[in-house]
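All residue numbers in this chain count up from 1 along the given sequence. Both counts, for ligands and for their atoms, begin at 1 and track the order of listing. Worth saying up front: this structure is predicted, and the values here are computed from it rather than measured.
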Amino acid sequence: MPDAAFTERRLAGQTCIVTGAASGIGRAIARLFARHGAQVVVADVSETVLEGGAPTVATILEDGGQAIFRHTDVSDEAAVRALVDTTVERFGRLDVMVNNACIRHARRLTEMDRGDWDRMMAVNLTGVFLCCREAARQMLTQEIRDEARGRIVNLSSQHGMIAAPEDIAYGVSKAGIAYLTQQIAADYAADHIICNAVAPGKIVTGQGGRLLDEAVLDRARRRTPWPRFGRPDDVANAALFLASAEASYITGINLMVDGGWMAA
Ligand SMILES: NC(=O)c1ccc[n+]([C@@H]2O[C@H](COP(=O)([O-])OP(=O)(O)OC[C@H]3O[C@@H](n4cnc5c(N)ncnc54)[C@H](O)[C@@H]3O)[C@@H](O)[C@H]2O)c1
């Protein structure tokens, strides 16, 4: 492996798309990748930062990094294709695709409307499928660099390995992402496309609603051995590792960043 892989800027000169990077974990990933020298494409349906502050691209530019915003609904096939095409036109290549965008609609099975189920699947699972597919199609055309034509990092969850209380569509979509990750890793290893997932536990982001419900927080507190909830940067650091050349000979994993939730 070249020494350059171990320098401070672990993604120097690489082009990375991060979906859902306006807010929360995606925003932290985009900012960290930019600090490590990546050209970051922020792909989101909105530039509004749920937790407050300047838009992601503005903060990256202010920090001296490189980033552009592309309005993209990940459930829209044409929009995802346009996202990858624009990225390659602008930067010449797609090194890393981070599939982080998600929506939430917590219901038990018997209270789940068909339309809401379809929308959850369209964004949380089909969106990841479409982004992986367009990214992989592009990566297959690229030269191998640091042993990879490209790397994909998907955001799964501990919910998807164990039941997400009264949140069936979210859990099913996240279980699907873990499977999709393994399947892509196995099918495209020979093509030097790397595909891994990061599975966050309870991470405090700007989302309100049910995620701030005291009963939901209390359960997460009881389930998390580490004496604090996660921060977006905890997940971003794991995504950086999997996106970088330091993660060699690793594909198809679902890396827990959960303060021990799944260990206890
Ligand atoms: N926060 C947690 O505790 C936690 C735990 C486990 C897994 N995760 C996963 O981490 C990822 C990020 O979670 P978060 O808490 O930062 O979420 P968030 O709600 O704070 O941010 C989600 C982002 O996705 C964007 N988005 C929504 N629909 C979109 C669409 N159709 N196309 C493009 N962008 C869209 C939103 O605008 C927003 O910027 C998700 O995949 C989530 O499932 C989060």
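- Under a 4.0 Å criterion applied to the non-hydrogen atoms of G201, ligand 1 contributes the atoms 2 (C), 3 (O), 4 (C), 5 (C), 6 (C).
- Numbered from 1 in the order shown, with element, the atoms of ligand 1 that lie under 4.0 Å from a heavy atom of G24 read 16 (O), 20 (O).
- Of the charged side-chain nitrogens involved, at least one lies within less than 4.0 Å of a carboxylate oxygen, so that E77 and R133 count as a salt-bridged pair.
- With respect to R27 and D233, no salt bridge is recorded, no charged nitrogen being found less than 4.0 Å from a carboxylate O.
- Of all protein heavy atoms, the one closest to atom 29 (C) of ligand 1 is V45 CG2, 3.8 Å.
- Only the side chain of I103 comes within 4.0 Å of ligand 1, counting heavy atoms alone; its backbone N, CA, C and O stay farther away.
- Residue H159 does not touch ligand 1, judged by heavy-atom distances below 4.0 Å.
- For ligand 1, the polar-atom distance check finds no N/O of S75 at less than 3.5 Å from any of the ligand's N/O atoms.
- A donor-acceptor distance shorter than 3.5 angstrom exists from the side chain of N124 to the backbone of I103, with no hydrogens or angles considered.
- Distance check: E246 CD to D146 CG gives 10.5 Å after rounding to the nearest 0.5 Å.
- Set against the non-hydrogen atoms of S23, the atoms of ligand 1 under 4.0 Å away are 39 (O).
- Using a non-hydrogen distance threshold of 4.0 Å, N100 registers as a contact of ligand 1.
- Of the listed options D76, D44, I25, D44 places a heavy atom closest to atom 36 (C) of ligand 1.
- At least one heavy atom of Y170 sits closer than 4.0 Å to an atom of ligand 1.
- The single protein non-hydrogen atom nearest to atom 31 (N) of ligand 1 is D73 OD1, 2.9 Å, given as residue, atom name and distance.
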Checklist entry - Under the salt bridge (Lys or Arg N to Asp or Glu O under 4.0 Å) criterion, do D85 and R81 qualify, and how do the steps go? => result CA-CA 6 Å; D85 286 350; R81 196 169 301 133; over 6 Å; no

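- Near T72, with a cut-off below 4.0 Å to any heavy atom, the atoms of ligand 1 are 32 (N), 33 (C).
- Nearest protein heavy-atom neighbour of atom 32 (N) of ligand 1: V74 N, 3.1 Å.
- Side-chain contact between I250 and I194 is absent, with no heavy-atom pair separated by less than 4.5 Å.
- No side-chain donor-acceptor contact under 3.5 Å links R10 to the backbone of S244.
- By the neighbour-count criterion of 12 heavy atoms within 6.0 Å, atom CZ of R210 is densely surrounded, having more than that number from other residues, nucleotides or ligands.
- Of the candidates Q207, R104, H71, it is R104 that places a heavy atom closest to atom 13 (O) of ligand 1.
- A salt bridge does not link D167 to R107: none of the charged nitrogens lies less than 4.0 Å from a carboxylate oxygen.
- Between the CG atom of L94 and the OG1 atom of T87 there is a distance of 6.5 Å, given to the nearest 0.5 Å.
- No side-chain donor-acceptor contact under 3.5 Å links R93 and T15.
- The shell of residues lying under 4.0 angstrom from ligand 1, judged by heavy atoms, excludes E51.
- Where the criterion is an N or O separation shorter than 3.5 Å, residue side chain and backbone included, G206 fails it with respect to ligand 1.
- Note on ligand 1: R27 sits outside its first shell, no heavy atom being nearer than 4.0 Å.
- When A101, A122, A197, G208 are checked for heavy-atom proximity to atom 34 (N) of ligand 1, A101 turns out nearest.
- With a 4.0 Å cut-off on non-hydrogen atoms, S156 touches ligand 1 through its backbone and not its side chain.
- Here the protein heavy atom with the shortest distance to atom 27 (C) of ligand 1 is C102 O, 3.4 Å.
- For Y188, the OH atom sits in a loose shell: 12 or fewer heavy atoms of surrounding residues, nucleotides or ligands are nearer than 6.0 Å.
- Atom numbering of ligand 1 starts at 1 in the shown order; those under 4.0 Å from a heavy atom of A22 are 39 (O).
- Relative to atom 20 (O) of ligand 1, the option among V42, D258, V49, T205 with the closest non-hydrogen atom is T205.
- When only modelled atom types and interatomic distance are considered, D73 and S75 share a side-chain donor-acceptor pair under 3.5 Å.
- Interface of P200 with ligand 1, defined as ligand atoms under 4.0 Å from a residue heavy atom, comprises 5 (C), 6 (C), 7 (C), 8 (N).
- With a heavy-atom cut-off of 4.0 Å, I203 touches ligand 1 through backbone and side chain alike.
- Taking every non-hydrogen atom of S157 and a distance limit under 4.0 Å, the qualifying atoms of ligand 1 come out as 6 (C), 7 (C).
- With hydrogens and angles disregarded, no donor-acceptor distance shorter than 3.5 Å links the side chain of N100 to the backbone of L155.
- Looking only at protein heavy atoms, the nearest one to atom 24 (O) of ligand 1 is G20 CA, 3.4 Å.
- Proximity of F91 to I68: side-chain heavy atoms (C-beta onward) are separated by under 4.5 Å at one or more points.
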